[in-house]
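Read through the structure below, which is laid out as structure tokens, and then see the notes.
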Amino acid sequence: MACMRFQHFGLLGILWLPVFCIVGGLEMYTVDKVLATCGDNVTLPCNITTEVALDIKEFKWMEKNDICHWGVEKNLTSMQCANVTSQNSYDFPLTIFNIQPEHKGTYHCKLRSKEGTKNGQTIVRVQKCVGDALVNVSSAEGTCLFEGVYPKPTVVLWKQGHDESVQHWSKTDVKENADGFFTAVSTIKLRNGRHGG
Ligand SMILES: *[C@@H]1O[C@H](CO)[C@@H](O)[C@H](O)[C@H]1NC(C)=O
Ligand SMILES: *[C@@H]1O[C@H](CO)[C@@H](O)[C@H](O)[C@H]1NC(C)=O
Ligand SMILES: *[C@@H]1O[C@H](CO)[C@@H](O)[C@H](O)[C@H]1NC(C)=O
Ligand SMILES: *[C@@H]1O[C@H](CO)[C@@H](O)[C@H](O)[C@H]1NC(C)=O
Ligand SMILES: *[C@@H]1O[C@H](CO)[C@@H](O)[C@H](O)[C@H]1NC(C)=O
């Protein structure tokens, strides 16, 4: 925000002197990236520090859509926005409960106030989501089904005792489900009488 001031210098005409009214150190603190583990509660900070009280026009968290607005109570099921004001700060953390792959994305914290505008963003990634595994091993073939896996699995390891050489007889199919999780089905051909799992 800048102010302009002009002064008259007699016959010299008008001389413009720009005076920048920098509002006392308006800063926003967010973190760039968060790598969260499935099931955790994750808090994304958004903290405004300022030397003057802010006349807030809009202060919100959004991803694709608005999540919450400062000063507006909203019942969210899987998230919560808190607001804490102290003399020099406006603290507006967003907590995501029981984080799941569907929560991955870019979260924006946006402030619009009479004293200035600030935008911050946090990229959220989710890791280590593994649902249930179903194992079915017969004498000729073994099947292992993993549901609710995230991120996308790259390899399913088959072991037979301490011997990992059975790996090259296996085949793994990976499907992405609508909820962002993956289903992996790995099958392995077994020689007579040998068992893997
Ligand atoms: C997440 O928060 C909820 C509600 O506060 C709590 O019940 C749960 O134990 C927390 N989970 C973890 C993993 O901290
Ligand atoms: C927000 O900033 C204020 C001022 O720097 C600081 O006292 C406070 O601890 C910060 N809050 C968080 C959650 O980082
Ligand atoms: C902060 O949140 C509380 C309860 O959620 C609400 O009553 C209050 O109005 C909020 N204050 C601001 C400044 O948003
Ligand atoms: C939010 O939920 C609480 C408890 O479930 C309820 O008492 C309150 O009226 C709800 N507030 C809004 C704005 O829906
Ligand atoms: C295990 O696999 C065999 C042969 O592929 C099949 O006949 C059987 O129904 C499977 N059992 C289970 C519990 O899926």
Side-chain angles (χ1 to χ4, degrees), residues 26-50 53-113 117-137 143-159 172-186 197:
L26 179 62
E27 296 290 344
M28 176 186 276
Y29 170 75
T30 51
V31 295
D32 292 341
K33 288 178 193 157
V34 169
L35 181 60
T37 298
C38 239
D40 277 1
N41 295 338
V42 175
T43 297
L44 313 182
C46 182
N47 195 7
I48 303 276
T49 54
T50 170
L54 297 180
D55 183 355
I56 294 173
K57 301 297 178 200
E58 185 174 53
F59 189 13
K60 68 178 179 184
W61 270 106
M62 62 177 295
E63 204 243 332
K64 290 184 186 70
N65 301 305
D66 289 2
I67 296 168
C68 53
H69 290 258
W70 178 267
V72 180
E73 230 186 291
K74 194 171 171 189
N75 282 343
L76 298 164
T77 49
S78 63
M79 299 187 196
Q80 183 183 304
C81 298
N83 66 70
V84 186
T85 315
S86 65
Q87 203 180 350
N88 296 315
S89 72
Y90 294 77
D91 197 6
F92 190 38
L94 168 67
T95 300
I96 305 170
F97 296 108
N98 185 23
I99 198 162
Q100 297 297 320
E102 73 212 43
H103 295 124
K104 73 174 190 242
T106 304
Y107 291 75
H108 302 270
C109 186
K110 291 173 175 275
L111 169 74
R112 215 155 45 75
S113 75
T117 298
K118 286 279 169 192
N119 293 307
Q121 69 173 45
T122 303
I123 296 170
V124 175
R125 292 280 173 267
V126 185
Q127 64 170 3
K128 292 185 184 161
C129 305
V130 182
D132 296 324
L134 285 172
V135 185
N136 180 4
V137 177
T143 303
C144 209
L145 172 71
F146 299 93
E147 286 185 312
V149 184
Y150 195 86
K152 189 175 180 170
T154 50
V155 69
V156 174
L157 268 184
W158 284 90
K159 287 194 183 186
T172 302
D173 287 317
V174 178
K175 263 195 332 213
E176 185 169 6
N177 306 323
D179 61 5
F181 284 94
F182 294 89
T183 299
V185 181
S186 186

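Order of appearance sets the numbers: ligands from 1, and atoms from 1 within every ligand. Source: prediction; values computed, not measured.
- The environment of CG in Asp55 is crowded: more than 12 heavy-atom neighbours from other residues, nucleotides or ligands sit within 6.0 Å.
- For the side-chain hydrogen bond (donor to acceptor under 3.5 Å, both in side chains) test, residues two or more places apart in sequence or in another chain that qualify with Thr43 are Thr95.
- Of the protein's heavy atoms, Phe97 CE2, 4.0 Å lies nearest to atom 5 (O) of ligand 1.
- For atom 14 (O) of ligand 1, the choice among Thr95, Asn98, Asn41, Ile99 with the nearest heavy atom turns out to be Asn41.
- Looking only at protein heavy atoms, the nearest one to atom 13 (C) of ligand 1 is Gly39 O, 3.8 Å.
- Taking the six-membered ring for Trp, Phe92 and Phe59 have ring centres closer than 6.0 Å.
- Counting only N and O atoms by type, the side chains of Asn98 and Gln100 include a donor and acceptor under 3.5 Å apart.
- For atom 9 (O) of ligand 1, the protein comes within 4.0 Å by no heavy atom at all.
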